[in-house]
2 protein chains.
Amino acid sequence: MRKRVTIHEIAQLAKVSTATVSRTINRVPTVDPVLARRIRKVIEKEGYYPNTNARALVRGHSRTLGLIVSEITNPFFPEIIQTFAKLGAQNNYEILLSSIDHDPRSIEITARQMFERSVGAVAILTFGGEAPLIDILTTRNIAVFAVDADRPRPLLKTIQIDYEHGIRQAVQHLAALGHERIAFIGGPQQLKTAAMRKFAVQQCMKEIDLELLPELFVDGDHTIDAGLKALSILATMRDRPSAVLCSNDMTAIGVMRAAFDLGLSIPQDLSVIGFDDIRLAQFMTPPLTTVQLSQTEIARLSFSGLLDSLDPRRGGSIRQVYSIKTNLVLRHSTALAPGCIKNRAATAFSESD
Amino acid sequence: MRKRVTIHEIAQLAKVSTATVSRTINRVPTVDPVLARRIRKVIEKEGYYPNTNARALVRGHSRTLGLIVSEITNPFFPEIIQTFAKLGAQNNYEILLSSIDHDPRSIEITARQMFERSVGAVAILTFGGEAPLIDILTTRNIAVFAVDADRPRPLLKTIQIDYEHGIRQAVQHLAALGHERIAFIGGPQQLKTAAMRKFAVQQCMKEIDLELLPELFVDGDHTIDAGLKALSILATMRDRPSAVLCSNDMTAIGVMRAAFDLGLSIPQDLSVIGFDDIRLAQFMTPPLTTVQLSQTEIARLSFSGLLDSLDPRRGGSIRQVYSIKTNLVLRHSTALAPGCIKNRAATAFSESD
DNA sequence: CTGTTAGCGCGTTCAA
DNA sequence: TTGAACGCGCTAACAG
């Protein structure tokens, strides 16, 4: 219930000036070790904590890093947040978390918060729709780290995600299993990452001369519900796909659920591949084969990217573009295409039991 | 790239004193509307944002609310965080999020952050292990809202969760379906909420004279993995349970996955009930019957609890103990016990196909 | 209704 | 190596 302890009281009790206390706290090397110990003891005893607001005010910046995500409710993001926060704690940075949604005001509010708080740098991991935010922030002189930004510039570092790498593996895996009618359930196409994923799928299919069936490309919104609905539609087609590629794991989970409702068993009747590799994926029934986009890797890269921007001495500051690969993780949600020639024997066999 | 705009420059440009600018920003009603408009225009034009650090410094507290959770990686929490953050944005509060894990240092770091930032009040939604934090925080005169705190006191409001209500429904539901060998997979017993859940299960079983089989009560740690392992063990028993009650949904998801691996089908061979009702529960296959503990409700209550603590005029300040009920949500992961008398006909029938 | 002034708690000159 | 003094940007008295 006591009032807050200030640096003055510590100074008085330790019989030194506030300046010396300040130096001790900030580990300025020129303080007499004996004095320093005495001061520390007093600080300890009084339970003194420096006031972050005052420090930030005088310094002109707080030891705070912004982290902007979308859809904290999608398990992909909490994983990122967690490792980002852990790194923050380790390096003595506070994290100002903000999530922006479809509401246009939210981006303004977010920018405001970041700015008002004098954060030094912010990571924008929304995977789309970040352009205006980047502009606002960099204009105000704060460093930004973003995913798939068009091109880096001063104050803007970016991480380029190689979607094709993993998606190619997925497409070819499906092709190898004899699938010819492959559906793709995309994300919202205003979302850059979703557009890029879809594009990569199309490219990879062309590469191996797989026919692109427009009716098999449907867009969702990266939610379970979207996957559920999309499959309901795809499944009613006279010539339904034997495999479904999804723009993210949540969609795939919806697909699996819908398949269950429809009496389609995975992978015998329908092969499913997700994207992201959220932790949950491995615990689905059956375990979901998916294209991994490492969440911890993203968190790590963006964190160290921010640190670099803040402290040019860290050497890496020249580095503007980081990159990360995606990779297929094989689990048990895919199988030979039903009716596929390669599958004849197996089919005949299984039909007999 | 321009330097930060301050209140002084706004004052100069608008040809008024800084005090008037300040009043305008803070909507003090006594400012001349004409002046106010002129000032706002300048603010707009210059893109001025007040410096939160400076405001917090002079006011003695920032418009910030602390939110402490554990395991942000468990989908239960992001849901809470989201609605808490939304309420924060609506009411013009910033949220300082912190998650504490098993590392004992993390609680100290967290307390420090809250204190250094001069947050006005903090919600501790860790569901256990919060006692030391509560002490530290209230000692330093900051209001706290916690779950299942032993007893409220000045500066400590609490939300009492009625675990029994929903758990009784679950237990009786299972009993009504003819289950007699009911297993319970608990959470880590140092976690208060886990202990309470287990206790409630035992009580409710006693109430209806169900025998408590100690070998069917195993403890996990609220992760999918724990559920998976627990069922692997339970399933190998010579006389295995026909139903499993889980201390949370993640555990139940693990159980479902293990059941699949073991070739047990849910609910025919094994009934499963979860706890929490995370959003994912309804999308499991089959959809998981579970005891709902509303995440949005928790977020809402704790948020308004904090607001009350901060502003006694809000009337509700006398209220120290909030409460919330749990309720069974019936979905499709439970069925009549195999071999149960009530089930004879159905069993005979299904055996014939 | 508006301007002047005095700090909020701290880091950082500049002398000593 | 240490201390005195100034000011970061803002709000809250107090005059006017």
Side-chain angles (χ1 to χ4, degrees), chain A residues 2-40 42-43 46-64 112 115-120 140-141, chain B residues 2-40 42-43 46-64 92 94 112 115-120 140-141:
Chain A
R2 63 201 152 165
K3 203 184 156 307
R4 180 160 191 151
V5 186
T6 75
I7 201 173
H8 284 101
E9 312 175 36
I10 302 297
Q12 276 192 298
L13 292 170
K15 304 197 188 315
V16 294
S17 73
T18 61
T20 307
V21 177
S22 173
R23 293 189 191 103
T24 314
I25 293 170
N26 296 302
R27 310 200 116 75
V28 174
T30 64
V31 280
D32 186 310
V34 184
L35 260 194
R37 256 194 302 123
R38 190 167 88 214
I39 294 170
R40 281 192 209 295
V42 177
I43 288 179
E46 296 299 311
Y48 165 72
Y49 289 36
N51 182 324
T52 303
N53 298 118
R55 306 178 93 170
L57 180 56
V58 60
R59 282 180 173 150
H61 72 265
S62 57
R63 254 188 111 74
T64 300
R112 232 190 135 92
F115 193 63
E116 288 182 346
R117 269 289 179 214
S118 349
V119 302
R140 300 203 109 108
N141 207 15
Chain B
R2 63 200 151 166
K3 202 184 155 308
R4 179 161 193 152
V5 186
T6 74
I7 201 173
H8 284 101
E9 314 176 34
I10 301 297
Q12 276 192 296
L13 291 170
K15 306 200 190 309
V16 294
S17 74
T18 60
T20 307
V21 177
S22 173
R23 293 194 192 100
T24 314
I25 294 170
N26 296 303
R27 311 200 115 72
V28 174
T30 63
V31 278
D32 185 311
V34 184
L35 258 194
R37 257 194 302 122
R38 192 167 85 213
I39 293 171
R40 280 191 211 295
V42 177
I43 288 180
E46 298 296 314
Y48 166 73
Y49 288 37
N51 182 324
T52 303
N53 299 118
R55 306 177 92 169
L57 180 57
V58 60
R59 283 183 171 144
H61 71 265
S62 57
R63 258 189 105 75
T64 301
N92 223 301
E94 256 170 52
R112 230 189 137 93
F115 193 64
E116 288 181 348
R117 269 288 178 215
S118 352
V119 302
R140 301 203 107 108
N141 208 16

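Each chain gets a letter, A, B and so on, in the order the sequences are listed, and its residues count up from 1.
The residue B:N53 sits apart from the nucleic acid: no heavy atom pair falls under 4.0 Å. Contact annotation for A:V16: backbone-only contact, meaning every heavy-atom pair under 4.0 Å involves sugar-phosphate atoms and none involves a base. Residue contacts shown for A:V21 are absent, as no nucleic acid heavy atom lies under 4.0 Å away. Across all strands shown, A:S22 has heavy atoms under 4.0 Å from base atoms, whether or not it also approaches the sugar-phosphate. Across all strands shown, B:I25 has no heavy atoms under 4.0 Å from either base or sugar-phosphate atoms.
Taking only side-chain atoms of B:T20, from C-beta outward, the nucleotide of C:dG3, D:dT2, C:dG11 with the closest atom is C:dG3. Taking every side-chain heavy atom of B:A19 into account, D:dA12 is the closest of D:dC8, D:dA12, D:dT2. Comparing C:dC10, C:dT2, D:dC8 against the side chain of B:D32 picks out C:dT2 as the nearest. Picking from C:dG3, D:dT2, D:dC10 the nucleotide with the shortest atom distance to the side chain of B:A54 gives D:dC10.
Residue A:Y49 has no polar side-chain atom (N or O) positioned under 4.0 Å from OP1 or OP2 of C:dC10. For C:dC10, the OP1/OP2 oxygens have no side-chain nitrogen or oxygen of A:R55 closer than 4.0 Å. Checking the phosphate oxygens (OP1, OP2) of D:dT11, a side-chain nitrogen or oxygen of B:N26 falls inside 4.0 Å.
In this structure the side chain of B:V16 never reaches within 4.5 angstrom of the side chain of B:T24, judged on heavy atoms. Looking only at side-chain heavy atoms (C-beta outward), B:T64 and B:R117 stay at 4.5 Å or farther from each other.
Spacing between atom NE2 of B:H61 and atom C1' of C:dG9 amounts to 16 Å, rounded to whole angstrom units. The interatomic distance linking B:I43 (CD1) with D:dG9 (P) rounds to 16 Å, in whole Å. The interatomic distance linking A:R23 (CZ) with C:dG11 (C1') rounds to 10 Å, in whole Å. Note: CD (B:E116) to P (C:dC10) measures 10 Å, nearest angstrom. Separating the CG atom of A:N51 from the C1' atom of C:dG11 is a distance of 13 Å, rounded to the nearest angstrom. Between A:R59 atom CZ and D:dG9 atom P there is a gap of 15 Å when expressed in whole angstrom units. Look at CZ on A:F115: it is 15 Å from C1' on D:dC10, rounded to the nearest Å. One atom, NZ of B:K15, and another, P of C:dT2, lie 16 Å apart when rounded to the nearest Å.
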Start with the C-alpha distance between A:R55 and B:E116, add both sets of side-chain angles, then the distance that settles salt bridge (Lys or Arg N to Asp or Glu O under 4.0 Å), and finish with yes or no. CA-CA 10 Å; A:R55 306 178 93 170; B:E116 288 181 348; 5.0 Å; no
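Between the CZ atom in B:R37 and the CZ atom in B:R40 there is a gap of 10.5 Å [rounded to 0.5 Å]. The line from CD1 of B:I39 to CG of B:L13 is 11.5 Å long, rounded to the nearest 0.5 Å.
Nearer the 5' end of DNA chain D, as judged by each residue's closest nucleotide, is the contact made by A:P29, out of B:H8 and A:P29.
In summary, the side chains of A:S62 and B:N53 do not present any donor paired with an acceptor at a separation below 3.5 Å, with no hydrogens or angles considered.
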